[in-house]
Structures are given as structure tokens and as C-alpha cells.
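Notes follow the structure.
As the structure is a computational prediction, the values presented were derived from the model and not from experiment.
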Number of protein chains: 2
Amino acid sequence: MPVPSQRYVRNHLLSILSPDDYEAIQSVAEGVALGRRDILIAANKSITHVYLLESGIASEVAATPEGRRIEVCITGPEGIVGVPLLLDVDRTPHETFVQIEGDAVRVEAAAFRRLVEERRILRRIVGHYAYAAHLQTAGTALSNGSHTLEERLARWLLMCHDRVDGDEFPVTHEFLSTMLGVRRPGVTTAIHSLEGAGMIKARRSHVQVLDRDKLKAAAGDSYGVPEAEYRRLIHAGR
Amino acid sequence: MPVPSQRYVRNHLLSILSPDDYEAIQSVAEGVALGRRDILIAANKSITHVYLLESGIASEVAATPEGRRIEVCITGPEGIVGVPLLLDVDRTPHETFVQIEGDAVRVEAAAFRRLVEERRILRRIVGHYAYAAHLQTAGTALSNGSHTLEERLARWLLMCHDRVDGDEFPVTHEFLSTMLGVRRPGVTTAIHSLEGAGMIKARRSHVQVLDRDKLKAAAGDSYGVPEAEYRRLIHAGR
DNA sequence: AAGAAATTGTACGGCATAGTACCGACGCCC
DNA sequence: GGGCGTCGGTACTATGCCGTACAATTTCTT
């Protein structure tokens, strides 16, 4: 797959690069399709590529030796998958996989390292995203520790909604229960509650956001801090 | 206060720098005493310095507009406070304050930015720590979402124990309840439980670790993943 | 020494979520 | 179009933690 010209690129980080930096990336990048459940970064294996999503969503999951799993960060076209490489870290105990299929521009690890080593502004932009991702993970820690399931679910749906086109996206209760670290039937009842309040519409394997403002209210203060900081850090004016 | 010679420095990141890099830092650094509750990084204000702790512990806390607070990362002599500056981020919504008093080597923000810009290995070491900190925060998210209060308390005590000299350190139930995002009486009973099992000894405003192995067992799989990765990433051989 | 403040111990009802089990419904595949 | 696997709905008990209140104890202040 070809890499789009910068004019048409949908990844936000790529879109705000200087034409020169963009060209440098373009010359070593390739376009790829991301299928559901594709593993972009495998746990404890060398990171092979970074992925700049054009569409779709990836989830970073932390796990324990005993098999507990929980989502700690989600990335869509607003970011990049492969932050460790910016920090000269070549592998990670976390797994990152495709949650909603889409397309991406990807760059081989060594080439990416060279690029960020040589290009200050590119390094700066990816660094800003890395910090936004840290804030998101911290927000998840806060949310997991002090919000109800319903609030956390609302937060999660909002974060997905921010990253997809349109108001509907595929997701199962079972999947949500893993991401949020709760029981599956708990997700079912929480979804019913949000649906009963007219915020969302749930179909088999799909959720549609009907009233984003109400959903924000349902999320309470669990949503917003990392999002605001992302906007402050990463803006078109570089 | 003077900055120690590298031979006697206790901060782990400083201790593994090349003599050349250490000297460069030393020439712009100053030693400071850290008092309990001193704010090292204030929320949403310019970061003035980075702090490389020689002793003591600092806590990074995430907060919501409505005043929920929870600890997302803890740093002692194994790390550095002020990671955002490495990523060219000049402020953060999180607050970092001194949890256990001690000493630190600190470097003014602009000087630190210049140093990491110019010195590849220094940048690499701080970057590795930044990633270890991300893993710790992710571990906190996982733990908050899927472990019991008792397990989380055990994890927290272990993380403190890792960062102090000796087996005893000052901490109140009230403080712990904020850090863990739970009720204060919940902390009291959890401490009693650990104490009853002979893992710790609690005195007013103090906790002493008696049996670290048992404490690890009590923490279950909530403790260990970020710690192992820190050791892998940051080792004496650079 | 007395009062104030901080810290810890304890109790109790109530709710949120866990754990588990089972069934119905939908959709895909042969 | 029948069968099977995935997905979602519901029910029940168990339990961990919340919210709250209040008292006892230790330490600090004056």
C-alpha cells in the first residue's frame, strides 16, 4: 500500500510535520492494513515497526504473570504506536493489538530510530505524544481506582468515539470486560443503564453514541484531563 | 549544598553516567534538601527543575477537576523527577511532591534540556527511566483495576521499601488512603491484616517491613513486572 | 499542664462488583 | 436450512469496600 501525500494523510502527528520531515518519513514508510486482533507490538519481543494509524484503534494491554490483563492506553489516528523506540527501548512487557481495524503508515524500527535521532522537531512531536500517552495511562489508573464501572465505561466509549469516524463502532461486552478489568455481565448491565438514559444504542457487537454530552456527564470527571492536555501539547502550529 | 562526586553519588542514574556526562551535570547542578510535602513539580505550572533523588521518595499524583487524587508513580534514588522535560514538555497537570524527606541533586530546567539535547547517552538513560516510569504507572492502573486493597497495599509498601534505606519508613493511614484512592479505615484494617501475618510492624506514623518475602506473596502478581523491566533497562553497563 | 490537633481503632448499614451458572438469540458456515 | 459458535441477558449468593460516625490514643502547642 502507498503512503498518502501529506495533504491527505489522516494521522494527526504526520499531518503537522514539516514537509521536509514528512518526506523523510514517507521515503522509508509503507502503508499497511490493520486487521482486528493483529498484534502490532508483541510482549517481550523486539519491536519491529512503529505504526502511525490512519484509521482504526489500537490497545495497549498490561498483563501479570498470572494472566490478568487490562487496557492501559488506547491509540488512534491522533497518535503513534511504538513510543518505546523513541526512548531507545526496544521491547516491552505490554502487548499492543488492533482493536478496531483500519490502516496505518508504518516505519521499520531502525529507520524510525534514525529519524528521531536526526530530526529535532519530529522527536519533539513524538515526545509530546508520548507524554500525552503517559497522562492517559495515569488517567486510567485514577479511573480504575476511583470511579464506578458505569463511569469508566462511559469514559471508554468517549475515548473510542474520539478516534473513529462516525458514531458507531464494533465492540463486544466480553471484550469490554477485559479492557476494563471487570466481569462481563457487569458490562452488560452498565451498557443497559447508559442505553436506558438515551446516551448510546447497543446492537450485537456494536455500540452507537447517540448523545455525547450526556455520555460526558455520565463519565463524570473520569474523562477530559488527558484529552485537554493532548490538545495543548499537539497543535497544528507545531 | 554541594553535589557529591560521582564516586559517592547515590542516585542510580547519576551513578551509571560516563564521567564526562556526570561532570557536565555537576557543573550546572546544585544539592538540595527535600522536606516532607515540598512540591517539586506543581500542577499546570512551568517545571523549574529536574530532581535526581539521593534519598527520600517523591510521589506523582493525578487529580480530577472535582478533586479526586490518586498516586500514579513513585520515584526514589532509582530515578529522576521531571521526565516531561526530556520530552520537551514544560508543564503537566500532575503534581509531584516529597513523600519521604531526603536530598537531591537538581538541575534547572533550561540547563537540563540543553544537556539531554547534546548528550546522547544521558538522553538514553533518562529515556529508559521514563519508560520504566510508564510501566510503573501502567502497573498501578492494572493494580487499581483488579487487585484487592490488601494486595495493593502490599505492593505499595514493597515499592517504598525498594527505595529507602533500612526497613522502616514514615507513613500514615490517612496518607496511604489518598495514595491508593480508598477509605482511611480500609487502610487501617488492611494494615492490621498484614501485621497479623507478621509481614510488617505498624507504629504510629511508621511502618516497618519485617518479612519481605511474605509481603511479596501478599502482593500476589501486583508487584514485579515494572521492577524487573527497570532492572533490564537500567543497568550499570549502560 | 491543659487544650488542640493528628492519628488510629472500631462499628454498621448499604451498595457495587465478583463469581458463577444457565439460557436465549443471533449470525455464520456447511 | 440445520447446526454450532459467539454474544448477550438474567439470576443468585458472596464479599470487598464505601460512607459515615465516633471514640481512644498519641503528639504537638501554648
Side-chain angles (χ1 to χ4, degrees), chain A residues 35-37 64 66-70 99-100 142-157 168-196 200-208 218-222, chain B residues 35-37 66-70 99-100 141-157 168-196 200-208 218-222:
Chain A
R36 201 156 141 263
R37 300 189 195 201
T64 67
E66 277 148 49
R68 283 178 216 252
R69 286 165 64 88
I70 207 165
Q99 180 207 312
I100 296 179
L142 195 160
S143 202
N144 290 354
S146 67
H147 289 101
T148 64
L149 172 49
E150 197 171 316
E151 291 168 317
R152 289 167 57 198
L153 173 62
R155 171 179 185 258
W156 196 93
L157 293 173
E168 191 169 1
F169 45 89
V171 62
T172 68
H173 298 187
E174 177 72 39
F175 177 80
L176 270 171
S177 79
T178 308
M179 294 300 98
L180 298 175
V182 297
R183 274 179 330 140
R184 199 270 309 160
V187 172
T188 302
T189 55
I191 284 185
H192 289 168
S193 174
L194 297 183
E195 190 167 21
I200 60 171
K201 178 149 178 39
R203 290 186 8 242
R204 186 187 175 85
S205 302
H206 286 262
V207 168
Q208 183 183 358
D221 60 358
S222 73
Chain B
R36 201 157 141 265
R37 300 191 194 201
E66 277 148 49
R68 285 177 214 252
R69 284 165 66 89
I70 207 165
Q99 181 208 311
I100 297 179
L142 194 160
S143 202
N144 290 354
S146 66
H147 289 102
T148 65
L149 172 49
E150 199 171 314
E151 291 168 318
R152 289 167 57 197
L153 174 62
R155 169 178 186 258
W156 195 92
L157 292 172
E168 190 168 2
F169 44 89
V171 62
T172 68
H173 298 187
E174 178 72 38
F175 178 79
L176 270 171
S177 79
T178 308
M179 294 300 99
L180 298 175
V182 297
R183 272 179 333 139
R184 198 271 310 159
V187 171
T188 302
T189 55
I191 283 186
H192 290 170
S193 175
L194 297 183
E195 189 167 23
I200 61 172
K201 178 149 177 42
R203 290 185 10 240
R204 185 187 177 83
S205 303
H206 285 263
V207 169
Q208 182 183 359
D221 60 357
S222 73

Worksheet item: If you find the nucleotide of DNA chain D closest to A/Val171 and the one closest to A/Gly145, which residue's nucleotide is nearer the 5' end?
Response: A/Val171

Fill in: Atom pair distance, as rounded to whole Å: CZ in B/Arg203 and P in D/dT26
13 Å

Discussion item. Could you tell me how far apart A/Lys201 (NZ) and D/dG8 (C1') are, to the nearest whole angstrom?
Written reply: 14 Å

Worksheet, complete the sentence: Here the distance between atom P of D/dC17 and atom NE2 of A/His147, to the nearest Å, is 18 Å

Discussion item. Contact between B/Glu150 and B/Thr189 at the side-chain level, heavy atoms closer than 4.5 Å - yes or no?
Written reply: no

Worksheet item: Tell me, do A/Leu194 and A/Leu157 make a side-chain contact under 4.5 Å, heavy atoms counted?
Response: yes

Practice prompt. May I have the distance from A/Glu151 (atom CD) to D/dC18 (atom C1'), rounded to whole angstrom?
Written response: 14 Å

Worksheet, complete the sentence: Taken to the nearest whole Å, CG/A/Leu153 to C1'/C/dA16 is 15 Å

Practice prompt. Kindly indicate, with the supporting measurements, whether the criterion side-chain contact (heavy atoms from CB on, under 4.5 Å) is fulfilled by A/Val182 and A/Arg152.
Written response: CA-CA 11 Å; A/Val182 297; A/Arg152 289 167 57 198; 4.0 Å; yes

Worksheet item: Rounded to whole angstrom units, what separation is found between the CG atom of B/Leu149 and the P atom of D/dC18?
Response: 7 Å

Item to complete: Would you name the heavy atoms of B/Ala219 and B/Arg155 that are closest together and state the gap between them?
Response: CB-N, 3.9 Å

Worksheet item: For the pair made of CZ in A/Arg204 and P in C/dA25, what is the distance, rounded to whole Å?
Response: 12 Å

Discussion item. Between A/Ser222 and A/Glu151, is there a side-chain donor-acceptor contact under 3.5 Å, judged purely by atom types and distance?
Written reply: no

Discussion item. Rounded to whole Å, how long is the line connecting atom NE2 of B/His173 with atom C1' of D/dC17?
Written reply: 17 Å

Worksheet item: Can you tell if the side chain of A/Arg184 reaches within under 4.5 Å of the side chain of A/Thr172, non-hydrogen atoms only?
Response: no

Worksheet entry | Members of residues 180-195 of chain A that approach DNA chain D, where some heavy atom sits under 4.0 Å away | A/Arg184, A/Pro185, A/Thr188, A/His192

